[in-house]
Each structure stands twice: as C-alpha cells, then as structure tokens.
Amino acid sequence: MKQFSDFPRVSLGILPTPLYRLPNISEAMGKNIYIKRDDMTGVALGGNKVRKLEFLIADAMAQGCDYMLTTGGAQSNHAMLTAACCDRLGLGSVLVLKKRGVWQKLGNQIINDLLGADVRFVDSDSYDDVYKEMDRIADELRAAGHNPYLVPVGGSVPLGTVGYVDCAREIFAEALEQDIKINHIVSTAGSGGTLAGLVLGAMLYGDGCKVTGVAVCDDPFEEITAELVNGAAEILGADVHVEPKDIDILRYYGAGYAQPSKEGLEAITLMAQQEGLILDPVYTGKAFAGLMHLIRTGKIGENETVLFLHSGGTASLF
Ligand SMILES: *Cc1c(COP(=O)(O)O)cnc(C)c1O
C-alpha cells in the first residue's frame, strides 16, 4: 500500500484536530461520546473540505493549474473553503453555484464576498446544467491563457476521499495515545467523500470500528460511498473492496436537504447548552441527532464508545 506522503499535498489544515470526550452529553446519554473537531481545521470557518483540498489542490498544482473551479449549493461550505484555500495559495478560483435556497448575502455568501470569490450562479436544479456551465467557464479561462482544475461537488472524488482516510488514521492514532477504543464513528453524508474515507480508514486502521453515515438528502449513499471507498482503495493500493450493502446509512434528514428538522434543532441546542459547541442545521445538527437516535434505539451497543465527527458548517446558522 502507498503512504500518504507518496501523494502531492499542500499543508492547509492545522492538524491533527482535537479529539476528546464530551463530558456532559456522555453523562446525560449514559454512554462515552467523543468528538473529533474537524470544525477546527484552521482555514476560514473550518470544516471537513480542507482535508480533501490538501490533496486536490496539490494535484492541481502538480499539473500546472492556476485556477480551481468547483460547485455546490448556494451556501456550499466546500465552495467557500475552496476560495479561501486558493486565496492563501495565490491561485484563482471560480465558484459555480446552484441558485437555489439561500443565495442572498447571508451565511457563506458573506464569507465569499470577504474572500473576493468569483461566484457564478446557475439558475437550475440540475447538476448537468451546472457542469455544462463549469465546462464553459473552463474553456473561457483556457482561452485567456489559464489552466483550470475542475472539482465536482463536495470534492468527493477518490483523491479527495484520501483526505478522510488520513483523518481516520489520525483518529485511531489519537485514540491510542489517549488509551481509548473507539467502536463506532458517526459522520454526515452529503456528497459521500468524508464517509467513504472514514469507512476505508476504519477498515485499514480501526480494528473493527463501525462507521455510520447520517444522510442529509435522499441520494443513494450506499452506492455513492461504496464507489468512493473502492476508488480511494485503488489509488492507495489497498486490498479492499466493498459493496453498497456494506455501507451503513441512517436517513434522518426530515423534510429534505437544508430544511431544518425538529430533531436537528434539538441536537444543536443540546450541544450548545451542554458542551458550549456550535453545530449547524444542514449537516452536523442532523448528524448528531442521528447519533442520539442510534443510541436510543440500541444500534450503538451498551458498552461502545462512539465518536462524532464535527465537520464544520457554522455559517449556515446565519
Ligand atoms: C460537505 C459537508 C459535509 C458532508 O461531507 P461530504 O464529504 O460531502 O459527504 C458535512 N458537513 C459539512 C459542514 C459539510 O460542509
């Protein structure tokens, strides 16, 4: 198997991020609940996309690219972090966003403005239209003498997924240092790369640790995640193959993507008032609500220690 150091990588994150026990919620739930603070990755407002971008931007730079093009919803954390990382590295970026939901100057659109990001809205619900527009902008940039690198939604390609295989390695190293055994990891599934990296990393380094993804929309995450696990295993040279049935998904998102759920809002309030930590209504609030649901329904066993991955997303509160 390859080493992570065999891949080009730019240092963007402040790593490792902290991993520690949530004392008050653990007490209340009668279970050892730990948190991995990937909301503290150290660029802009932090979040999971920084780990993927360390590999994706390095790959772009190795190919001589000077522009990153990416996409997402109007409030995409991934797009905002792409612009922030490119600012730091002196690269250009264009964010081609779906003009749906909250596209006004709120949340990440305020941050995008501060970053001087080049935001182009596409007035369509279909990613086919969005990718067509990305291709058109890429052609325009090439005609102007630039060399653009295109990243699909969420940075969820095998190379981006490697960032979360490395995060899993980091998690189990921290657990060893703290002399704890993590039996179960719960994370959000939005475009699948984070979950896929954790699944593969748990298989490689986790000694039987289970991983559950809490879906934030009705995409077929079993298929998407399995494909990314196998793709990342291939580029890492790891002898791993999974099927969609091997991927554990909890659908606990309420009415739909980015529509706050009652359970998610309760989880945000609980985390704030018990632990002084801030979750968001689109991803992490629903994921933590899902974790509590797994505990209540006995899907997380009696003596298991569970780790919640805080993937960021704070701007969605505003
Ligand atoms: C993108 C995102 C996720 C989902 O990660 P994927 O790798 O896209 O599945 C979770 N939480 C936050 C805050 C995000 O921005």
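Ligands are counted one by one from 1 in listed order, and the atoms in each one are counted from 1 as well.
In summary, the atoms of ligand 1 found under 4.0 Å from a heavy atom of N77, numbered by their order in the structure, are 13 (C), 14 (C), 15 (O). Of all atoms in ligand 1, numbered sequentially from 1 with element shown, those under 4.0 Å from a heavy atom of G313 are 13 (C). Within ligand 1, the atoms closer than 4.0 Å to a non-hydrogen atom of T194 are 5 (O), 6 (P), 7 (O), numbered from 1 in the order shown. Short contacts between ligand 1 and A189, defined as distances under 4.0 Å to a heavy atom of the residue, involve ligand atoms 9 (O). Near K52, meaning under 4.0 Å from one of its heavy atoms, ligand 1 places the atoms 6 (P), 7 (O), 8 (O).
Between W103 and F121, the angle of the ring planes goes over 60°, which puts this pair in the perpendicular group of the 30/60° scheme.
Taking the six-membered ring wherever Trp is involved, the centroid distance between the rings of F308 and F288 falls below 6.0 Å.
A single hydrophobic cluster is not seen to contain both I295 and I185; linkage of ILVMFWY side chains at heavy-atom distances under 4.5 Å, directly or through other members, places them apart.
Considering both main-chain and side-chain atoms, N48 comes within under 3.5 Å of ligand 1 through a nitrogen or oxygen pair. Of the polar atoms of H78, none of the N or O atoms is found under 3.5 Å from an N or O of ligand 1, judged by distance alone. The distance criterion of under 3.5 Å between nitrogen or oxygen atoms is not met by G154 with respect to ligand 1. For ligand 1, the polar-atom distance check against S311 finds a nitrogen or oxygen pair separated by under 3.5 Å.
Checked by atom type, the side-chain pair D118/Y67 shows no donor-acceptor distance below 3.5 Å. Side-chain contact of T305 with H184: a donor-acceptor pair under 3.5 Å is absent, judged by distance alone.
Of the candidates M80, H310, K49, the one placing a heavy atom closest to atom 14 (C) of ligand 1 is K49.
Nearest non-hydrogen protein atom to atom 8 (O) of ligand 1 is S191 OG, 2.5 Å.
Put simply, no part of G47 is less than 4.0 Å from ligand 1, judged by heavy atoms.
A side-chain donor-acceptor contact under 3.5 Å links H310 to the backbone of I278.
A salt bridge links E133 and R136; the closest N-O separation between the charged side-chain nitrogens and carboxylate oxygens is under 4.0 Å.
Geometrically, R51 engages Y164 in a cation-pi contact defined by less than 6.0 Å to the ring centre and at most 45° from the axis.
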